[in-house]
Amino acid sequence: MASTRLIVSCALTITALLCAAAAPLRAEDSSPVVARANGVDIHESDLTFAEEEIGGNMPQMGPDQKRDYLITYLADVIVMSQAAEQKKVGDNPDVQRRLSFDRNRVLMEALLQQAGKAAITDAAMKQVYDDAVKQMPSEQEVHARHILVPTEDEAKAIEVELKKGADFATLAKEKSKDPGAADGGDLGYFTKDQMVPEFAEAAFKLDKGQISDPIHTQFGWHIIKVEDKRTKPTPTFDQVKVQLENYVAHRAQAELVDSLRKSAKIERLDKPAPAPDPATLNPAAPAKK
């Protein structure tokens, strides 16, 4: 019963669907019909739209229950919108304004989606990628291991063992208090700004194969071994393809919005118009310096 009440409550708020009684949701929809409410078809694709609309308000449930929930929701929307049509709720000026707003919003979103999708081409993404690669600064990375202990005395004792030939990774597993101890203290590759200053300063001064003196940071005492140093590799096109798609689409959408704004006549009626620039009224007026 609680789920049904929530569905009904949600349905009442979606005034944009009040016109559903006048015609099927999408008679031309090629997706399968999964249910029918008072003669109106509910398509498989309608479930996706419904989930986008109310997904955040849905309780946690399994796939089958979620499907039943969405079909019940859509049936409620259809039945209730038909009742609203019979009562001529759509004649209410506030409802008409809301329907007009929702229609405009849906058209806007569809236009932006269309523009973004059309802009995503291999050529456009390759151009963005090449331009970004040219602007990427060369950045150094260090591959290091470390051993972390609470006190300086413990760090010095480990330093002695290392100088006697003890294996760094083995000592890290045995003595380090860092979560990465199980991997022999391996930190992988990192750039200077990814570590606290004291640690980064020491690590980047070492050559490949060198081990540091005990280094103190806010986390304790470290001994660092540099395994390798390199210039940070440039990510491949395929590695950043998703980000490139998003960037190209958003750029196209922003350009479309900017173009339409500039060509539109937009009037502000809630405040006085700005005073005209005298220079635009008198062509002979001297230019401002």
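Residues take their numbers from the sequence shown, with the count starting at 1. Keep in mind that this is a model prediction, so the values were computed, not measured. As a basis for the values below, the full set of heavy atoms in this structure was taken, side chains included, without hydrogen atoms, waters or symmetry mates.
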With D193 via side chain to side chain donor-acceptor pair (under 3.5 Å) - residues at least two apart:
T191
Just checking [X]: does its [atom1] atom have more than 12 heavy atoms from other residues, nucleotides or ligands closer to it than 6.0 angstrom?
| X | atom1 | value |
| --- | --- | --- |
| Y247 | OH | no |
| F101 | CZ | no |
| Q113 | CD | no |

Is any side-chain N of the basic residue among [X] and [Y] closer than 4.0 Å to the acidic one's carboxylate O?
| X | Y | answer |
| --- | --- | --- |
| D102 | R98 | yes |
| R97 | D94 | yes |
| D64 | R67 | no |

Nearest heavy-atom pair of [X] and [Y]: which atoms, and what distance?
| X | Y | result |
| --- | --- | --- |
| P150 | K177 | CD-CG, 4.0 Å |
| G220 | H222 | O-CD2, 3.6 Å |
| A35 | I71 | CB-CG2, 3.8 Å |
| S176 | A181 | O-CB, 3.6 Å |
| A252 | A119 | CB-CB, 3.4 Å |
| A155 | V149 | N-CG2, 3.6 Å |

Quick check: do [X] and [Y] have side-chain heavy atoms less than 4.5 Å from each other?
| X | Y | result |
| --- | --- | --- |
| M195 | L187 | yes |
| W221 | D153 | no |
| E154 | K175 | no |
| K241 | M125 | yes |
| V133 | F237 | no |

Determine, stepwise, if the pair K66 / M58 fulfils side-chain contact (heavy atoms from CB on, under 4.5 Å).
CA-CA 8 Å; K66 181 168 76 172; M58 291 172 59; 3.1 Å; yes
For residues [X] and [Y]: do they belong to one hydrophobic cluster (side chain heavy atoms under 4.5 Å, members Ile, Leu, Val, Met, Phe, Trp, Tyr)?
| X | Y | value |
| --- | --- | --- |
| Y129 | I120 | yes |
| L74 | M61 | yes |
| F219 | I215 | yes |
| L206 | I223 | no |
| I211 | V226 | no |

Which value, rounded to the nearest 0.5 Å, describes the distance between [X] atom [atom1] and [Y] atom [atom2]?
| X | Y | atom1 | atom2 | result |
| --- | --- | --- | --- | --- |
| K229 | D207 | NZ | CG | 5.5 Å |
| I266 | L260 | CD1 | CG | 9.5 Å |
| R145 | F168 | CZ | CZ | 8.0 Å |
| D258 | K262 | CG | NZ | 4.0 Å |
| L244 | K126 | CG | NZ | 10.5 Å |
| L70 | I54 | CG | CD1 | 5.5 Å |

May I ask you to decide if [Y]'s main-chain N or O and [X]'s side chain share a donor-acceptor pair within less than 3.5 Å?
| X | Y | answer |
| --- | --- | --- |
| D131 | V128 | no |
| Q96 | G90 | yes |
| S212 | I224 | yes |
| D167 | T170 | yes |
| Q253 | L112 | yes |

Let's go through K225 and I147 carefully: what are the C-alpha distance in whole Å and the side-chain angles of both, what is the deciding distance for side-chain contact (heavy atoms from CB on, under 4.5 Å) to 0.1 Å, and is it a yes or a no?
CA-CA 9 Å; K225 180 183 179 182; I147 298 171; over 6 Å; no
Checking Q140 against T231: is there a side-chain donor and acceptor pair closer than 3.5 Å?
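Yes, Q140 and T231 have a side-chain donor paired with an acceptor closer than 3.5 Å.
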Test side-chain contact (heavy atoms from CB on, under 4.5 Å) on E51 and L47 and set out the steps.
CA-CA 6 Å; E51 186 170 3; L47 304 185; over 6 Å; no
Under 30°, 30 to 60°, or over 60°: which ring-plane class applies to H146 and F199, parallel, tilted or perpendicular?
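Taking F199 first and then H146, their aromatic rings stand perpendicular (interplane angle over 60°).
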